Amino acid sequence: MSASIHLQLPDGSLRQVPRGTTVAEVAAGIGKGLAKAAVAGVVDGNVVETARPIQGDASLRILTAKDKEALDVLRHSAAHLLAMAVLDLFPGTDLGFGPATDEGFYYDFKTPQTLTEEDLPKIEARMKEIAAEGRPYARVALDRAGAKERLQGIGYELKIPHVDEIPEDEITFYDSGAFTDMCEGPHVPDTSWLANVKLLSVSGAYWRGDASGVPMQRIRGTAFFTAKDLEQHLHRLEEAKKRDHRRIGREMDLFSLQPEGPGFPFWHPRGMVVYNELTKLIREQLERRGYGEVRTPIVLSDELWKRSGHYDHFKDNMYFLEVDERSFAIKPMNCPGTCLVYGHRPRSYRELPVRMAEFSPLHRNELSGTLHGLLRVRLMAQDDAHVYCAPEDLQSEIADMIEMLQQVYPAIGFDPAEVIVKLATKPEKALGDPASWEKAEAALADALRAQGMAFEVNPGEGAFYGPKIEFHVTDALGRTWQCGTIQVDFSMPERFNLSYVGQDGQHHRPVMIHRAILGSFERLIGILIEHHAGRFPVWLAPVQATVLSITEAQGEYAVAVRDRLRAAGVRAEADIRGDKVGSKIRDAILERVPYQLVVGGREMESGQVAVRLLSGEDLGPMAIEDFLARIRHEIDERVA
RNA sequence: GCUGGAGUAGCUCAGUGGUAGAGCACCUCCUUGGUAAGGAGGAGGUCGCGGGUUCAAUCCCCGCCUCCAGCUCCA
C-alpha cells in the first residue's frame, strides 16, 4: 500500500498527500483562509467532517459557509447543541431524532417534565455558553453490539431498537465534551461555529411520527453562519406573520371562518370579487382552448364512488349521507361526475379530445387539526378540468396545459420561469396495474422533457389514480406552494368503461387527464394575499379606486366621479365623511385600495382627480378620462 | 384525529369568587381641514357552550365546541 494518495479538487487539479491526511489538513495546505473557513468536506460525494482522515484516492470538495450543504451541517450540529443544553438543564431526558430541515432544525425529546415556551430562553442561553466553549465534535465508530451497549450505558433507551435498522454495520457516535449522540454526522469542527442560533417553538410530536407511540416534545430552532443571516431570517418570519392571510382577510373583509362551519369558509362580497375575477381569468382561457364547462351534482350515489375507487382510497376524507334508505356521498372530486358525462353517449374519435372544465364546490373531511385559514379547508372549488383523449394526443394536450399555466401565472404575480416542477410517482396504495403506472409516469416525464422543463421526482406522492406533475410557485418571501397539477389516468376510463369509436370502427379506450392550473381558489387566494401582502394587482383588487373628498363641499362631485368610474367598469367607492383627508387616506391604505383619488376645490373646478397610489407615490392631478385610460389598461391587461 | 396552549365588545387586549374595563373601529355632534389618525359625547358584552362546587362563578372543577402551534395529511 502506497504511503500517499491523490485527491482531485473541484478545479480538476490533483493533489498528492500522505494517506490518512484529514480534510482540515488539505484545506490548510491550500490556504490559511480556507483552513479557517472549512466547515466540512465532500469526499467522493459523501459529506464528512473536517477531522476525517482520507484513506484512498478520492475527489474532494471543501465546504465553506457559502455552500448549501454546509448550512445543513451547521444546523444538524445546532440540533446537537440543543440536545446538549437540554440534557444539562433537564437531566433524565431521552433523545429522539434531531435533523436539519429546510428552515432550521429540530430535536425531539422525552423529558421528565413538560417544556414550555418559557424554557426556551434558558435553553438558548445554555446553548450559547456551550457554543462559546468551542467543544470539538469527535467521531466514534462502533459495531452494532458496541453501539447498543453504549446507548444503554448513557441511558438513551429510545434509540436502542433503532440500531438494528441502520443498514451500515458501522454505527457512529459524535462526542463533544461529556455529551454523545448516535448520529450519522457530519458536524462542524467545533461548537464555536454555532453562535448564531435561535430557538423558535416547542410543540408536541411522537417518537418516529407514530401517534400511538411515545409522545415527545419537539423544540424547533434555526441557525446561520452569520448574525446577519439569522437576523434576516427572523425578519422574514416577522414579515410572514404580518402577511398572515387570516388577518389580512379579516382586515379587508374578504372572508370569515366561523365555528358553525369549521373549515368551510364564508366568502364576503369583497372576497367574492377576487374569487370571481380569478374564475373569469380561467374561463377566458377555457374558451380559447376549446374546453366546455360542465356542472355535475354535489351529492352522488355511493355506487359511483365504489366504481371510481374513491370508496376504497378516499373514504376517510368524504362526507356521507343517507336519504330514502339510499347512501350518498358529497363529492370530494369532480372526476367521476365528468366520467358519467363523457360516457352518457357514444363518442367518436372526431370529437376528441373532449375537454371538460368544472368549478363545482368540493367537500373533503380533512382532520380537524390540519385546518388552517384558506390554505387548508374542507370546502373548496378547483379550476378543475378533465380531458379525455386518444393516447397519441397525450403529449400535445399536456403541452397545451403547460402553455395555459404559463399564460395564467404572470397575471397573478408569479413568474413561470421560477416555477418548480415535480413529478409525483405511484403511492403505495394505488389503483390499476404497475404497467399503466409506468406508462403514465413516462408520458408525464416525456411531456416535460418535450417542453424543455427541468423537474425533480417526488416519489410516492402521486394521486391514487395516477401520477402527477406538480407546479410549485415561489412567493415574495421565498416560500413555495403547490398550485397547478396535471395527472394522467388510465384507470378511471377503465372503471367507467369509457370508449370512443376510432377511424377503424372499433371501440378504443380514451386516456383521462386531470388538471388544475390554480389548484383550489380558496388556497390560491390565501397564497395571493400573503404573496401580495393584501395589495392585489389592480384587476384583482376588491376596490380598485376610492374617491376622497377634502371637504363636504366636494361630496357630490366625489360621488359623481365614483359613478363615472363605475360606469366604466371600475370598482370604485367614495369616502365623503367629514374627516380630514389624511385620515381617509389612512383608511384607504388599510383597505389596500390601489388608487386613492383626492378631490378638493381645485379638482372640482377643473373636472380632475389628484391620483395617489397605494405605494404613496403622488401622480398629481389628472383628467378623469386620463385616469380611466390608465386604470382600464391595467385592468384589461391584468398587469400584475 | 393526537399532543400542548388559548377563548372577555367588530379588532387588539386589561381584569376580578360579589354579574366587567381600555385603545382602535362604530353612531351623533362640533370642526371644513390638501396626501398614514382633529375634538367631544354616545352606544355596544349570555365574559365560547353545557354541567358541577359555592350564599354567590367570567374567575375554581368536569365535559363539549372552536381557534392557535405542531404531529400527520394535502389543493
Side-chain angles (χ1 to χ4, degrees), chain A residues 106 108 114-118 200-220 244 246-247 250-251 253 256-263 314 316-317 332-333 362 364-384 424 427 461 463 468 470-472 481-485 487 514-527 548-555 576-591 596-603 610-614 616-621:
Chain A
Y106 66 82
D108 288 345
T114 306
L115 300 175
T116 67
E117 298 272 342
E118 280 89 75
L200 297 170
S201 68
V202 54
S203 59
Y206 294 97
W207 172 236
R208 313 174 70 163
D210 176 6
S212 58
V214 182
M216 309 277 290
Q217 293 213 280
R218 175 167 299 182
I219 298 181
R220 302 173 156 268
D244 191 317
R246 292 167 296 188
R247 217 187 76 191
R250 189 178 53 227
E251 284 170 8
D253 197 17
S256 60
L257 288 156
Q258 314 204 30
E260 287 80 356
F314 211 72
D316 291 346
N317 286 308
M333 295 187 196
L362 305 173
R364 296 185 185 176
N365 187 14
E366 303 290 348
L367 292 178
S368 59
T370 65
L371 302 178
H372 181 88
L374 294 178
L375 298 179
R376 188 110 194 111
V377 295
R378 286 175 170 156
L379 166 60
M380 60 171 158
Q382 296 174 313
D383 63 324
D384 204 4
E461 294 294 316
K468 57 184 182 184
E470 304 171 350
F471 298 93
H472 298 254
W481 307 92
Q482 192 208 310
C483 291
T485 176
Q487 305 162 4
H514 310 237
R515 75 106 186 94
I517 303 296
L518 303 177
S520 84
F521 288 97
E522 281 71 11
R523 188 174 142 85
L524 179 78
I525 293 172
I527 294 167
L548 313 177
S549 56
I550 291 192
T551 73
E552 279 172 8
Q554 296 92 40
I576 55 170
R577 293 173 302 173
D579 289 326
K580 288 166 83 160
V581 72
S583 161
K584 293 182 185 184
I585 283 178
R586 182 167 190 277
D587 288 346
I589 289 167
L590 292 177
E591 278 183 44
Q596 295 127 36
L597 310 179
V598 176
V599 295
R602 297 198 293 271
E603 286 76 16
V611 181
R612 183 191 194 278
L613 304 182
L614 188 46
E617 195 185 339
D618 190 352
L619 299 185

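Source: prediction; values computed, not measured. To find a chain, count down the sequence lines: A is the first, B the second, and so on, and within it residues start at 1.
- Counting only heavy atoms from C-beta on, Asp579(A) has its side chain closest to rG38(B) among rG38(B), rC71(B), rC26(B).
- In terms of polar N and O atoms assigned as donor or acceptor, the side chain of Glu251(A) never comes within less than 3.5 Å of the base of rG10(B) in a complementary pairing.
- Across all strands, Glu603(A) comes closer than 4.0 Å to base atoms (heavy-atom distances).
- Distance from the side chain of Ile585(A) is smallest for rA36(B) among the nucleotides rG1(B), rA36(B), rA75(B).
- Once rounded to the nearest 0.5 Å, the distance linking CZ of Arg602(A) with CD1 of Ile550(A) reads 7.0 Å.
- Note on Ser583(A): only backbone sugar-phosphate atoms sit closer than 4.0 angstrom, heavy atoms only; bases stay farther off.
- Within residues 514-526 of chain A, the residues that have a heavy atom under 4.0 Å from RNA chain B are, in order of number, Gly519(A), Ser520(A), Arg523(A).
- Residue Asp618(A) is the one, among Thr485(A) and Asp618(A), whose nearest nucleotide of RNA chain B lies closer to the 5' end (criterion: closest heavy atom).
- Taking the side chain as every heavy atom from C-beta outward, Gln487(A) and Arg515(A) never approach each other to under 4.5 Å.
- Of the candidate nucleotides rC74(B), rG34(B), rU72(B), rG34(B) has the atom nearest to the side chain of Arg602(A).
- Counting any heavy atom pair closer than 4.0 Å across all strands shown, Gly369(A) reaches a base atom.
- As judged by a 4.0 angstrom heavy-atom cut-off over every strand, Val598(A) is placed among the base-contacting residues.
- For Thr551(A), taking side-chain heavy atoms from C-beta onward, the closest of the listed nucleotides rU32(B), rU72(B), rG34(B) is rU32(B).
- Residue Ala588(A) is classed as having no contact, given no heavy-atom separation below 4.0 Å to the nucleic acid.
- Contact annotation for Gln258(A): no contact, since no heavy-atom pair falls under 4.0 Å across all strands.
- With values rounded to the nearest 0.5 angstrom, Glu470(A) atom CD is found 11.0 Å from Cys483(A) atom SG.
- For the atom pair CZ of Arg586(A) and CG of Asp579(A), the computed distance is 11.5 Å after rounding to the nearest 0.5 Å.
- In terms of phosphate contacts, Arg577(A) brings no side-chain nitrogen or oxygen within less than 4.0 Å of OP1 or OP2 of rU32(B).
- The side-chain contact (heavy atoms from CB on, under 4.5 Å) check on Arg612(A) picks up Ile585(A), Ile589(A), Gln596(A), with sequence neighbours excluded.
- As judged by a 4.0 angstrom heavy-atom cut-off over every strand, Gly616(A) is placed among residues making no nucleic acid contact.
- Distances shown here put every side-chain N or O of His372(A) at or beyond 4.0 Å from the OP1 or OP2 atom of rG70(B).
- Using a 4.0 Å heavy-atom criterion, one finds that Arg218(A) contacts the sugar-phosphate atoms exclusively.
- Taking 4.0 angstrom as the limit, Ser368(A) places a side-chain polar atom (N or O) nearer than this to OP1 or OP2 of rG1(B).
- Separation of the C1' atoms belonging to rA9(B) and rA69(B) is 27 Å when rounded to the nearest angstrom.
- Taking the nucleotide of RNA chain B with the nearest heavy atom to each of Lys468(A) and Gln217(A), the more 5' of the two is matched to Gln217(A).
- Distance from the side chain of Leu371(A) is smallest for rC67(B) among the nucleotides rC67(B), rA36(B), rC73(B).
- For the C1' atoms, the distance from rC11(B) to rG45(B) is 14 Å, rounded to whole Å.
- Backbone-only engagement by Gln482(A) is indicated by non-hydrogen atom pairs under 4.0 Å involving sugar-phosphate atoms exclusively.
- Atom CG of Leu375(A) is separated from atom CG of Leu524(A) by 10.0 Å, given to the nearest 0.5 angstrom.
- You'll find that the side chain of Arg364(A) is closest to rA75(B), out of rA75(B), rU32(B), rA36(B).
- Rounded to the nearest Å, the gap between the C1' atom of rC29(B) and that of rA22(B) is 23 Å.
- Here the nucleotide nearest the side chain of Arg586(A), chosen from rA37(B), rG1(B), rC71(B), is rA37(B).
- For Arg250(A), counting side-chain heavy atoms from C-beta on, the closest listed nucleotide (rC73(B), rU12(B), rG33(B)) is rU12(B).
- Taking CG from Leu257(A) and CZ from Arg250(A), the interatomic distance works out to 10.5 Å, rounded to the nearest 0.5 Å.
- Within the nucleic acid shown, Arg246(A) comes within 4.0 Å of sugar-phosphate atoms alone, with no base atom in reach, counting heavy atoms only.
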*In dot-bracket form, how is RNA chain B paired, counting a Watson-Crick or G-U wobble pair only if both its distances are under 3.5 Å and using | for bases paired to another strand?*
(((((((..((((....[..)))).(((((.......))))).....(((((..]....))))))))))))....
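- Checking Arg523(A), Arg376(A), Arg378(A) one by one against Glu366(A), the salt bridge (Lys or Arg N to Asp or Glu O under 4.0 Å) holds for a single residue, Arg376(A).
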